[in-house]
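This report concerns only the one structure given below.
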Amino acid sequence: MLRHLLIEVERLDFIRCENLTHIYNQGMENEYKALDNVSLSIKEGEFVTILGTNGSGKSTLAKHFNALLQPASGKCFVGGRDTSDEKLLWDIRQQIGMVFQNPDNQIIAAIVEDDVAFGPENIGMKPSLIKEHVASALAAVDMEDYRSFAPHLLSGGQKQRIAIAGAIAMNPQCLVLDEPTAMLDPQGRLEVMSTVKQLNHDHSITIINITHFMDEAALADRVIVMDKGKVVKEGTPREIFSDAISMKRMGLDVPVVAEVAFRLKDRGENIPEGIMTTEELVNALCQ
Amino acid sequence: MSINLENVSYVYMPGTPFERQALKNVSLEIPEGRITAIAGHTGSGKSTLIQQLNGLLKPSDGVVEVDGININEDTVTARMAKRLVGMVFQYAEHQLFEETVEKDIAFGPRNMGLSEEEIQARVREAMNFVNLDYDTYAKRSPFQLSGGQMRRAAIAGIIAMKPKYLVLDEPVAGLDPRGREDLLRKIKALHDKQGITIIFISHNMEDIARLADKVIIMKQGELLLEGAPEEVFEESEVILSAGLMAPKMSLIIESLKTAGMDIEGSAYTIQKGVSLIQDALRRKEKCLQK
Ligand SMILES: Nc1ncnc2c1ncn2[C@@H]1O[C@H](COP(=O)(O)OP(=O)(O)OP(=O)(O)O)[C@@H](O)[C@H]1O
Ligand SMILES: Nc1ncnc2c1ncn2[C@@H]1O[C@H](COP(=O)(O)OP(=O)(O)OP(=O)(O)O)[C@@H](O)[C@H]1O
Ligand SMILES: [Mg+2]
Ligand SMILES: [Mg+2]
């Protein structure tokens with residue numbers, strides 16, 4: 001117990017944003033403030049989900065975690081390093097495995113194997129290790145059969161799997177996943193999320209997952225909700241999803257079980273607060 | 001009238017190391033005035049299949065007919081028949097190309113030779129359809145939008161052409177929950193009110209059950225099964241091999257039944273599920289009162 005507490009105290013912020021503002025096309029007629037004074041921190045080894053409606057600023061925020069975008073004002077620190085310090089870019093990018101929203105933007109090589117190896121090579125991993133990592137990453141996303149295929153000729157879901165493999169193969173300290181499962185079938189989605197969960201659990205890799213699937217969001221330790229470029233809510237999935245009304249008002253939703261509990265309560269049934277799992281619902285209804 | 005595929009096969013990159021047979025001998029009918037869903041595992045050939053429907057990909061073997069016309073012949077009627085089919089791609093970015101959102105959406109209608117007035121009206125109507133506010137987005141570059149906004153713009157571009165057959169490749173992927181609900185509702189309304197034939201690819205059994213009259217399941221380039229969603233989804237093996245999963249609501253109902261709750265029937269949708277649970281609670285109360 002004490003040991004557990006100590007570890008909790010020692011956990012450092014892996015990512016910290018302080019009053020981070022992002023302005024696209026700054027100084028031009030069409031300038032647009034996509035992030036507005038965002039302050040947040042994500043601990044080493046934490047699994048965080050970011051939710052928000054289309055255009056709320058999720059992808060913009062994710063690109064700051066990899067120093068692909070620069071703050072208009074405010075700061076973003078990754079592993080203690082300031083993303084606006086050009087000398088630190090390489091160090092920062094070495095630690096982050098990134099999966100972009102559109103996998104086409106990520107394809108680099110002409111052969112799947114080389115594509116997945118690009119990240120590890122780029123961070124200077126030993127060739128013998130690279131081979132091993134590429135093989136296990138392709139296995140993790142169930143794409144071994146396609147290792148000699150051309151990535152740009154794959155189906156939508158297959159491309160998404162390759163992008164995930166590329167990020168995993170880097171063996172990064174942190175994975176930033178921007179809607180990594182949007183094009184996958186439900187079974188594929190479950191497989192990918194369980195791989196991610198395992199990386200987090202077994203290797204303490206920090207996970208930041210952006211998604212529109214509320215059931216997937218519930219897997220995280222913590223949920224951050226964005227709206228119009230601002231962080232508007234933060235909490236455990238249970239805290240966030242017990243307030244179904246405000247989630248819906250924002251254009252978001254809650255996981256199916258929480259929704260069922262919410263509707264039953266709304267219709268006057270006697271249901272306790274904060275139901276998140278099928279087991280809890282069964283217990284509440286079948287006493 | 002309908003779209004018909006007769007023994008259609010398709011091979012990508014024949015004679016190269018990347019040769020791949022993506023469709024094998026597929027025959028099917030997509031009837032006019034219906035909503036048809038296509039499901040199947042990653043790589044099963046869904047996107048390849050729908051790209052046959054407007055001649056974007058030509059079959060390596062077999063025939064595709066739209067309203068009785070072989071669309072892959074080099075004739076004026078074939079070109080006209082192809083135009084009856086409007087297609088929204090899996091990755092919306094692939095179909096955006098103009099300088100502004102407005103010009104992008106106007107491109108199709110303008111090509112159809114409509115009047116400027118009519119084009120303007122259609123652009124506004126289509127943007128309204130996908131919930132992109134005209135004043136905010138019309139003059140923006142389509143490449144400076146968020147992922148979900150790009151998808152909406154791409155859908156609007158096809159909606160504006162009012163095609164007879166509307167084909168959508170995973171239309172709600174990347175949309176936020178409200179956007180998803182709203183788009184599905186409006187697609188259904190397009191069908192119900194304007195009689196537009198809808199063909200859509202989806203991985204969501206609940207959406208398919210709610211919208212479609214007919215579902216086609218693809219497996220490794222072959223048509224595994226077709227029929228009404230209720231029938232097709234009866235077979236759990238089919239569901240499994242298509243990479244699908246039973247809707248969460250039906251799983252919850254099963255768990256409640258197993259735990260001894262007196263629920264009659266099954267439910268895919270939350271609305272139905274909640275009603276079933278309430279009915280069961282009422283019965284339980286009555287029993288206790290007696
Ligand atoms: N390159 C760009 N230039 C100008 N504005 C942009 C650019 N990219 C995004 N935006 C705008 O910034 C806002 C935030 O975009 P962002 O991509 O971060 O949203 P998001 O939360 O990821 O949305 P989605 O769920 O649709 O992916 C949006 O309103 C978008 O239109
Ligand atoms: N341009 C291409 N060249 C070669 N092979 C291709 C090409 N496009 C797709 N394929 C292959 O054809 C098969 C079918 O691809 P298709 O895109 O039709 O799948 P899908 O069912 O739409 O999958 P997803 O759900 O992942 O989008 C896949 O194995 C894919 O790798
Ligand atoms: Mg995004
Ligand atoms: Mg596809």
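Note that this is a predicted model, so its numbers are computed, not measured. Residue numbers start from 1 in every chain, and the chains themselves are labelled A, B, ... in the order their sequence lines are given, proteins ahead of strands.
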If you count every heavy atom of other residues, nucleotides or ligands that lies below 6.0 Å from [X] atom [atom1], does the total exceed 12?
X: Lys197(A); atom1: NZ; answer: yes
X: Glu234(A); atom1: CD; answer: yes
X: Lys230(A); atom1: NZ; answer: no
X: Gln220(B); atom1: CD; answer: no
X: Glu19(B); atom1: CD; answer: yes
X: Asn270(A); atom1: CG; answer: no

Which answer fits [X], side chain, backbone, both or neither, if we ask what part of it has an atom under 4.5 Å from a heavy atom of chain A?
X: Ser275(B); result: both
X: Ser255(B); result: both
X: Ile253(B); result: neither
X: Met205(B); result: neither
X: Ile270(B); result: both
X: Glu170(B); result: side chain
X: Leu145(B); result: neither
X: Lys139(B); result: neither
X: Ser146(B); result: side chain

Counting only heavy atoms closer than 4.5 Å, note whether [X] contacts chain B via side chain, backbone, both or neither.
X: Ile210(A); answer: neither
X: Met250(A); answer: backbone
X: Leu252(A); answer: both
X: Lys248(A); answer: backbone
X: Leu154(A); answer: neither
X: Ser56(A); answer: neither
X: Tyr146(A); answer: side chain
X: Gln158(A); answer: both

- Message: Applying the side chain to side chain contact (heavy atoms under 4.5 Å, CB included) criterion to Leu256(B), which one of Thr278(A), Leu285(A), Val260(A) satisfies it?
- Response: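 Exactly one candidate clears the test, Leu285(A).
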- Query: Taking Gln278(B) for the side chain and Leu264(A) for the main chain, is one N or O donor matched with an acceptor at less than 3.5 Å?
  - Reply: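 A pair under 3.5 Å: no.
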- Please answer whether the main-chain N or O of Val274(B) pairs with a side-chain N or O of Arg263(A) as donor and acceptor at a distance below 3.5 Å.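 No.
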Shortest non-hydrogen contact between [X] and [Y], atoms and distance:
X: Ala182(A); Y: Gly174(B); answer: CB-N, 4.5 Å
X: Phe149(A); Y: Phe18(B); answer: CE1-O, 3.7 Å
X: Gly243(B); Y: Pro186(A); answer: O-CD, 3.2 Å
X: Gln90(B); Y: Gly157(A); answer: NE2-N, 4.2 Å
X: Val256(A); Y: Lys248(B); answer: CB-CG, 3.6 Å

- Message: Please tell me whether Asn30(A) and Arg140(B) have a donor and an acceptor in their side chains that are separated by less than 3.5 angstrom.
- Response: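 No, no side-chain donor-acceptor contact under 3.5 Å.
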- Under 3.5 Å, is there a donor-acceptor pair linking the side chains of His41(B) and Asp185(A)?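 There is such a pair between these side chains.
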- Option that, when pairs with chain B are counted at under 4.5 Å, heavy atom only, ranks first among Glu179(A), Gln101(A), Arg267(A):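 Option with the greatest count: Arg267(A).
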- Options Asp253(A), Leu281(A), Asp215(A), Val282(A), ranked by heavy-atom pairs under 4.5 Å with chain B, top entry: Val282(A)
Output the option from [options] having the highest count of non-hydrogen pairs under 4.5 Å with chain A.
options: Arg20(B), Lys284(B), Met150(B), Met13(B); value: Arg20(B)
options: Arg180(B), His203(B), Gln271(B); value: His203(B)
options: Asn204(B), Leu281(B), Leu175(B), Asp182(B); value: Leu175(B)

Hey, are the side chains of [X] and [Y] touching, using non-hydrogen atoms and a 4.5 Å cut-off?
X: Tyr91(B); Y: Asn102(A); result: yes
X: Arg178(B); Y: Thr53(A); result: no
X: Gln187(A); Y: Leu244(B); result: no

- Message: Is there a side chain to side chain contact (heavy atoms under 4.5 Å, CB included) between His94(B) and Asp104(A)? Walk through the geometry before answering.
- Response: CA-CA 10 Å; His94(B) 295 173; Asp104(A) 279 332; 2.6 Å; yes
- Message: How long is the straight-line distance from NZ of Lys58(A) back to CG of Asp176(B), given to the nearest 0.5 Å?
- Response: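 NZ of Lys58(A) is found 7.0 Å from CG of Asp176(B).
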- Rounded to the nearest 0.5 Å, what's the gap from OG1 on Thr42(B) to CE on Met143(A)? Could you check? 8.5 Å
Could you pull out every donor-acceptor pair under 3.5 Å between side chains of residues 20-28 of chain A and any protein atom, sequence neighbours left out?
unit_1: Thr21(A); atom_1: OG1; unit_2: Asn37(A); atom_2: N; d: 3.0
unit_1: His22(A); atom_1: ND1; unit_2: His64(A); atom_2: NE2; d: 2.9
unit_1: Tyr24(A); atom_1: OH; unit_2: Thr60(A); atom_2: OG1; d: 2.8
unit_1: Asn25(A); atom_1: ND2; unit_2: Gln144(B); atom_2: OE1; d: 2.8

